[in-house]
Trainee: 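Here it is, the structure, as structure tokens.
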Amino acid sequence: MADMRAFQDAVTSWATGGPDRPARDLAEILGVRTAVLLEGLSDLAAVEALAARRDRDLAAEGVCVVPMGGAMNVGRYAGLLGPPGLGLRLTGLCDEGEQGFYERGLTRAKAPLQDIYVCTADLEDELVRALGTTGVEEILRAEGDFRAWQTFQRQPAQHGRPRHQQVRRFLGTEKGRKIRYGRLLVEALAPDRTPAPLDGLLASL
């Protein structure tokens, strides 16, 4: 049976030069109405974790969350999925520094810009500030990464850097760590501490 992950894979194939027919067929079969454009897999993990916490089945609601492999790809995905292509509603979450890519990509696709939710610095920064460094350290300890974190803090490059910036940098020092903690940090949030961009994105779907 076709599922939203199959549609996501078909879209990725299409965006990298594959045929369009599988994505078009699956969009119709699954009733896809909205595509959420994300920069990468850590953002995907966070969005899916928040949806699960709020008992939202995005796939059943016709929402596909699409990791694009970088903000520079947004023009390509917006063209395929938005008004020029499948005609889906487009929304997305991006880092402050990548906002320009999203604005140009959605403008070319004739999609509304108000549906872009922008993180200060990036989503990891938003989550670290929402939890506080002590809260993040508790998760690092529970996950067996606290010793590695302490070693990282002793590096000369980290001396004098604010702790929340150290934590944010640490999450990106090992392949797969940002993805894993994208989920874990969201799961640890108090209900009233969800970062505004993430909260706004999910509320808009």
Trainee: Go through it in stages, so that I can follow the logic: the residues are L58 and T34, the test is side-chain contact (heavy atoms from CB on, under 4.5 Å), and I'd like the CA-CA distance, side-chain angles, deciding distance and then a yes or no.
Mentor: CA-CA 10 Å; L58 297 183; T34 300; over 6 Å; no
Trainee: Please check if the side chain of D145 supplies one atom and the backbone of A148 the other of a donor-acceptor pair under 3.5 Å.
Mentor: no
Trainee: Enumerate the residue pairs fulfilling salt bridge (Lys or Arg N to Asp or Glu O under 4.0 Å) with a member in residues 32-44, sequence neighbours excluded, ordered by first and then second residue.
Mentor: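 Salt bridge (Lys or Arg N to Asp or Glu O under 4.0 Å) check on residues 32-44 returns no pairs.
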Trainee: Does any part of the side chain of R154, heavy atoms only, come nearer than 4.5 Å to the side chain of Q150, both counted from C-beta?
Mentor: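 A side-chain contact under 4.5 Å exists here.
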Trainee: Going by the salt bridge (Lys or Arg N to Asp or Glu O under 4.0 Å) test, which pairs reach into residues 97-111, not counting sequence neighbours?
Mentor: none
Trainee: Ignoring hydrogens and geometry beyond distance, is a side-chain donor-acceptor pair present between R168 and Q165 at under 3.5 Å?
Mentor: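 No pair is found: no donor N or O on one side chain lies under 3.5 Å from an acceptor on the other.
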Trainee: I'd like to know if L198 and I179 are part of one continuous hydrophobic network [Ile/Leu/Val/Met/Phe/Trp/Tyr, side-chain heavy atoms within less than 4.5 Å].
Mentor: yes
Trainee: Among pairs that include at least one residue of residues 160-183, which meet ring-ring contact (aromatic ring centres under 6.0 Å, His included), considering only residues two or more places apart or in two chains?
Mentor: W149-F170, F152-F170
Trainee: What residue among L189, L201, V128 forms side chain to side chain contact (heavy atoms under 4.5 Å, CB included) with P195?
Mentor: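 Going through the options one by one, the only one that passes is L189.
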Trainee: Taking only distance into account, with no hydrogens and no angle test, what donor-acceptor pairs under 3.5 Å do side-chain atoms of residues 77-95 form with protein atoms, sequence neighbours excluded?
Mentor:
residue: R89; atom: NH1; partner: S204; partner atom: O; Å: 3.0
residue: R89; atom: NH2; partner: S204; partner atom: O; Å: 3.4
residue: T91; atom: OG1; partner: D115; partner atom: O; Å: 2.5

Trainee: Quick check against the 3.5 Å criterion: does T16 have a side-chain atom that pairs as donor or acceptor with the backbone of T12?
Mentor: yes
Trainee: For E28, look at atom CD and say whether over 12 heavy atoms of other residues, nucleotides or ligands are found less than 6.0 Å away.
Mentor: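 No, CD of E28 has 12 or fewer neighbouring heavy atoms, counting only those of other groups under 6.0 Å.
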Trainee: Determine, step by step, whether L38 and M68 satisfy the side-chain contact (heavy atoms from CB on, under 4.5 Å) criterion, reporting the C-alpha distance in whole Å, the side-chain angles of both residues, the deciding distance to 0.1 Å, and the verdict.
Mentor: CA-CA 6 Å; L38 302 177; M68 302 179 297; over 6 Å; no
Trainee: If hydrophobic clusters are built from ILVMFWY residues whose side chains come within less than 4.5 Å, do L37 and V32 share one?
Mentor: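 Yes; tracing contacts between hydrophobic side chains, which count when under 4.5 Å, links both residues.
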Trainee: If you apply the rule side-chain contact (heavy atoms from CB on, under 4.5 Å), what do you find for R183 with E48, and how did you get there?
Mentor: CA-CA 8 Å; R183 174 180 58 82; E48 290 185 336; over 6 Å; no
Trainee: Begin from the C-alpha positions of R169 and R161 and carry the test side-chain contact (heavy atoms from CB on, under 4.5 Å) through to its verdict.
Mentor: CA-CA 10 Å; R169 179 69 186 90; R161 176 178 282 184; 3.7 Å; yes
Trainee: Given side chains that start at C-beta, do those of E143 and R180 come closer than 4.5 Å, heavy atoms only?
Mentor: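 Touching, per the 4.5 Å side-chain cut-off.
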Trainee: Taking E96 for its side chain and V118 for its backbone only, find out whether a donor-acceptor pair lies under 3.5 Å.
Mentor: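 Between the backbone of V118 and the side chain of E96 there is no qualifying donor-acceptor contact (under 3.5 Å).
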Trainee: Under the 3.5 angstrom rule, does the side chain of D125 hit a backbone N or O of A121 as a donor-acceptor pair?
Mentor: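 Checking the backbone N and O of A121 against the side chain of D125, no donor-acceptor pair under 3.5 Å is found.
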Trainee: Side chains of T173 and R177 only: does a donor on one sit below 3.5 Å from an acceptor on the other?
Mentor: yes
Trainee: Kindly indicate whether the side chain of E124, heavy atoms from C-beta on, has any atom under 4.5 Å from the side chain of V167.
Mentor: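 A side-chain contact under 4.5 Å is absent here.
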Trainee: With side chains defined as the heavy atoms from C-beta onward, is the minimum distance between R54 and L202 less than 4.5 Å?
Mentor: yes
Trainee: Under a single-linkage definition using a 4.5 Å side-chain heavy-atom cutoff for Ile, Leu, Val, Met, Phe, Trp and Tyr, are L171 and L44 assigned to the same hydrophobic cluster?
Mentor: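 As far as the 4.5 Å side-chain criterion goes, L44 and L171 are connected within one cluster.
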Trainee: Could you work out, with salt bridge (charged side-chain N to carboxylate O under 4.0 Å, His left out) as the rule, every residue matching E138, not counting sequence neighbours?
Mentor: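 Residues passing salt bridge (charged side-chain N to carboxylate O under 4.0 Å, His left out) with E138: none at all.
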Trainee: Name all pairs fulfilling the salt bridge (Lys or Arg N to Asp or Glu O under 4.0 Å) condition that reach into residues 60-84, sequence neighbours left out, sorted by first residue then second.
Mentor: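 Listed by first then second residue: R56-E61.
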